[in-house]
Number of protein chains: 2
Amino acid sequence: MGRRNDHSREEIRELAILAAAKLVTEHGLAGLTARKVATAIGYTVGSLYLVFKNLDELILHVNVRNLDALYQAVTQAGAPHPEPIPRLLAFGRAYLQFGLEHTDAWRMIFEHRMQHGAERPPWFESQVNRLFGLLEAPIQTLLPQAEQATVVQAAHALWGGVHGICVLCLSDKLTVVKAISAQDLLENLMRHYLTGLQSEQRARVAAGD
Amino acid sequence: MGRRNDHSREEIRELAILAAAKLVTEHGLAGLTARKVATAIGYTVGSLYLVFKNLDELILHVNVRNLDALYQAVTQAGAPHPEPIPRLLAFGRAYLQFGLEHTDAWRMIFEHRMQHGAERPPWFESQVNRLFGLLEAPIQTLLPQAEQATVVQAAHALWGGVHGICVLCLSDKLTVVKAISAQDLLENLMRHYLTGLQSEQRARVAAGD
DNA sequence: ACCTGAACACCGTTCAAGT
DNA sequence: ACCTGAACACCGTTCAAGT
């Protein structure tokens, strides 16, 4: 055996990433193993370690693609709404919906940990930032007087909140009280937070700061 | 070998739960394996399966104890504050602090999934509900006119939000923008949400509903 | 009756050996 | 140069066999 040269290094990486993503959506996180990916693309396990440092690196590449898909979904959901509050609500709904539709992909993005406490690479972190950053423009519109730091802080607080409701919903820790839909919780959280944010800002401006 | 009778079934379970909890806090989630637990308590792996159905059941027992510790920490943090808003803020801070101090235990509570899609037992779910339920009394005090359903919904929305900030903080997905402390985000989210909740309620009462 | 030890079917990762 | 196959050090889980 040895030496087939059917595919370039880059092609093998691509095949592996696609196969891994498919395994996760079809059989969940536990369904993704190095041996299964290798089998799916017609190579031996060893070959995988010729093109990836380890399984973590492969998972990271799957995650960054799913993160991009999530970003696209959220962006597109917000696009038809020029007003800040409807746009932010649309963002939140799209975020939750992506989680509901691609639960395993969603969970792998946010729950995967690097082994041995390794750090996530910058090209992954920047995708996370890009997603969070989406909130800043509408919030700035909502608070025209606010400083950049205030807006960034509000964006993180609100997105963190949205994320939490999604996490609890996807792990079935919220469905205990029946008739509570995650959709409603999300809207409740976002609307009241934004109301509070605006009234706080009004109070500040009135006080002459 | 065989037949030692050093410990009763119940004693072995107890030893295993304590050893498992210790392994997690000392070596993280990956440090918890059936073989290591067995070795730690001076038995063979097989014995573990005489007293637990599988690893999931053992993990569940560790989780329910950590969940109780979390509940105690949150309760005690809120106790000195009779006013609803300071109490809720104290709850949130204690929740985050527990996560920061016992990160692996915290993550195992919320990220562990049952294998083969098995359901979590009721005695676990009820501990989760008890934790969420803590928010309801202060929120009811805050919104004296509100119906029970409104209060329950607000409690879940707010706790979900708090949870999300903690999750992102503990997975290092928030620290990207430096100088953003999770503490501040938490307070930002809770304060503005509660402000918004109250002003909404005032509007309702003024409208005569 | 209680516990062991070995087995089974898996893992991730490495690397000498083949073409 | 590229890829394999086997090995290593692990897993969770089961169960015949020993005392």
Side-chain angles (χ1 to χ4, degrees), chain A residues 1-17 19-21 23-24 26-63 104 108 111-118, chain B residues 1-17 19-21 23-24 26-63 104 108 111-118:
Chain A
M1 306 279 166
R3 182 153 194 87
R4 308 179 352 189
N5 233 0
D6 290 348
H7 305 283
S8 71
R9 258 182 76 93
E10 231 16 85
E11 284 169 337
I12 296 181
R13 281 170 68 93
E14 186 63 21
L15 286 170
I17 292 167
L23 281 168
V24 170
E26 288 178 358
H27 304 100
L29 296 198
L32 171 55
T33 75
R35 282 176 166 83
K36 285 184 193 163
V37 170
T39 304
I41 67 174
Y43 280 84
T44 354
V45 222
S47 308
L48 237 41
Y49 290 83
L50 257 37
V51 295
F52 293 107
K53 200 167 114 271
N54 51 34
L55 246 201
D56 265 12
E57 199 182 276
L58 173 54
I59 290 175
L60 233 28
H61 278 91
V62 175
N63 279 348
D104 289 312
M108 196 163 78
E111 293 181 8
H112 173 69
R113 312 293 157 188
M114 307 291 284
Q115 57 192 0
H116 313 307
Chain B
M1 306 279 167
R3 180 153 197 88
R4 309 179 352 188
N5 233 3
D6 289 348
H7 305 282
S8 71
R9 259 182 74 93
E10 230 18 83
E11 284 170 337
I12 296 182
R13 282 170 67 95
E14 186 63 23
L15 287 170
I17 292 168
L23 281 169
V24 171
E26 289 179 358
H27 304 100
L29 295 197
L32 171 56
T33 75
R35 282 176 165 85
K36 286 184 193 162
V37 171
T39 303
I41 67 175
Y43 280 84
T44 353
V45 223
S47 308
L48 237 41
Y49 289 83
L50 258 37
V51 296
F52 292 107
K53 199 165 115 275
N54 51 35
L55 245 202
D56 264 11
E57 199 182 277
L58 173 54
I59 291 175
L60 232 28
H61 278 90
V62 175
N63 279 348
D104 289 313
M108 195 163 77
E111 293 180 9
H112 172 70
R113 312 293 155 188
M114 307 291 284
Q115 56 192 0
H116 314 307

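Numbers restart at 1 for each chain; the letters A, B, ... are given by sequence-line order, proteins then strands.
Although no hydrogens or angles enter the test, the distance criterion places no donor-acceptor pair under 3.5 Å between the side chain of B:Asp104 and the main chain of B:His27.
Of all nucleotides present, none satisfies the Watson-Crick or G-U wobble test against C:dC10 with each distance under 3.5 Å. In this entry C:dG5 has D:dC15 as its Watson-Crick or G-U wobble partner, both defining distances falling under 3.5 Å.
Here B:Arg13 contributes atom CZ and B:Glu10 contributes atom CD; the two are 5.5 Å apart, rounded to the nearest 0.5 Å. To the nearest 0.5 angstrom, A:Asp6 atom CG is 11.0 Å from A:Ile41 atom CD1.
Summarising the geometry, the separation between CZ on B:Arg35 and P on C:dA6 is reported as 12 Å, rounded to the nearest angstrom. With rounding to whole Å, A:Asp56 atom CG is found 17 Å from C:dC11 atom P. Between the CG atom of B:Asp6 and the P atom of C:dA1 there is a distance of 19 Å, given to the nearest Å. Taking atom CZ of residue B:Arg9 and atom P of nucleotide C:dC3, one finds them 10 Å apart after rounding to whole Å. Atom pair A:Leu15:CG and D:dC3:C1' shows a separation of 15 Å (rounding to whole Å applied). For the pair B:Leu48 CG and D:dC15 P, the computed distance is 17 Å after rounding to whole Å. Distance A:Leu50 CG to C:dA16 P: 14 Å, rounded to the nearest Å. The CZ atom of B:Phe52 sits 14 Å away from the P atom of D:dG12 (whole-angstrom rounding).
Distances were taken from every side-chain heavy atom of B:Ile12 (C-beta onward) to each of C:dC3, D:dC11, D:dT4; the shortest belongs to C:dC3. Relative to the side chain of A:Arg4, the nucleotides C:dC3, C:dC11, D:dT4 differ in distance, and D:dT4 lies closest. Comparing atom distances between the B:Lys36 side chain and each of C:dT14, D:dT13, D:dC11 picks out D:dC11 as nearest. Of the listed nucleotides (C:dT13, D:dT4, D:dC11), C:dT13 has the atom at the smallest distance from the side chain of A:Asn54. Counting only heavy atoms from C-beta on, A:Tyr43 has its side chain closest to D:dT4 among D:dG12, D:dT4, C:dT13. Listed candidates were C:dT4, D:dT13, C:dG12. Nearest to the side chain of B:Gln115 is D:dT13. Considering only the side chain of B:Leu55, D:dG12 comes nearest among C:dT4, C:dT13, D:dG12.
A:His112 and A:Asp56 share a side-chain donor-acceptor pair at under 3.5 Å.
When each of A:His7 and B:Gly46 is assigned the nucleotide of DNA chain D with its nearest heavy atom, A:His7 is the one assigned upstream, toward the 5' end. Residue A:Leu32 is the one, among A:Leu32 and A:Ser47, whose nearest nucleotide of DNA chain C lies closer to the 5' end (criterion: closest heavy atom).
The phosphate of D:dG12 has neither OP1 nor OP2 within less than 4.0 Å of any side-chain N or O from B:Tyr49. The shortest distance between the side-chain N/O atoms of A:Thr44 and the OP1/OP2 oxygens of D:dC3 is not below 4.0 Å.
Annotation for B:Ile17 and B:Val62: closest pair O-CG2, 3.7 Å, computed over non-hydrogen atoms. Minimum interatomic distance between A:Leu48 and A:Ala16 (heavy atoms only, all atoms of both residues): CD1-CB, 4.1 Å.
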